[in-house]
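Data block below; observations after.
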Amino acid sequence: MKRQERVLDSLIRKGVTAYHAAAYVKERLLQAGYQELTYGASWKVRRGENYIIMPYPSMLIAVHIGNYEERSAIRIAAAHTDSPCLKLKPHADISGAHYAQVNVEPYGGLLKQTWFDRPL
């Protein structure tokens, strides 16, 4: 397996939710020399350096501060993680005579017909 395939495989296996994916990417970027900036704090950044900002545990922003000599003044790359899932509704408890259930709703572009039609 090529290195890029191993990294993607690790991300898929470890990034089971948006929170896990952001934590995994943060870990990889810190290992690669990125520095974490605290969201809401005053920052001192330097040209040529790499930074990460995590406003929320499921959100990560990676930034490279370019040199003035570079052709483009700014370069931004962004990605979005979304973990299709079933989320609990408020007051989700449903009780029956001999069982307990929770009421859920689809979130994040869940394609229900692709797997809800099979026994789980």
Inset, instruction - List in chain and number order the residues that pass side-chain hydrogen bond (donor to acceptor under 3.5 Å, both in side chains) with N50, two or more places apart in sequence or in another chain; answer none if no residue qualifies. - result: H64

Legend entry - Closest heavy-atom pair and its distance - M54, P57: CE-O, 3.5 Å

Legend entry - Nearest heavy atoms of S58 and A22, plus distance in Å: C-CB, 3.9 Å

Legend entry - salt bridge (charged side-chain N to carboxylate O under 4.0 Å, His left out) against E27, all qualifying residues, sequence neighbours excluded: none

Legend entry - Y51 side-chain N/O to R46 backbone N/O, donor-acceptor pair under 3.5 Å: yes

Inset, instruction - May I ask you to test the Y24-R28 pair for a side-chain heavy-atom distance under 4.5 Å? - result: yes

With a 3.5 Å cut-off and sequence neighbours excluded, list the donor-acceptor pairs that the side chains of residues 29-39 form with protein atoms.
| from | atom 1 | to | atom 2 | distance (Å) |
| --- | --- | --- | --- | --- |
| Q35 | NE2 | E49 | OE1 | 2.9 |
| E36 | OE1 | K26 | NZ | 3.1 |
| E36 | OE2 | K26 | NZ | 3.4 |

Inset, instruction - For V102 and D93, run side-chain contact (heavy atoms from CB on, under 4.5 Å): C-alpha distance rounded to whole Å, both residues' side-chain angles, the deciding distance at 0.1 Å, then the answer. - result: CA-CA 5 Å; V102 289; D93 294 335; 4.3 Å; yes

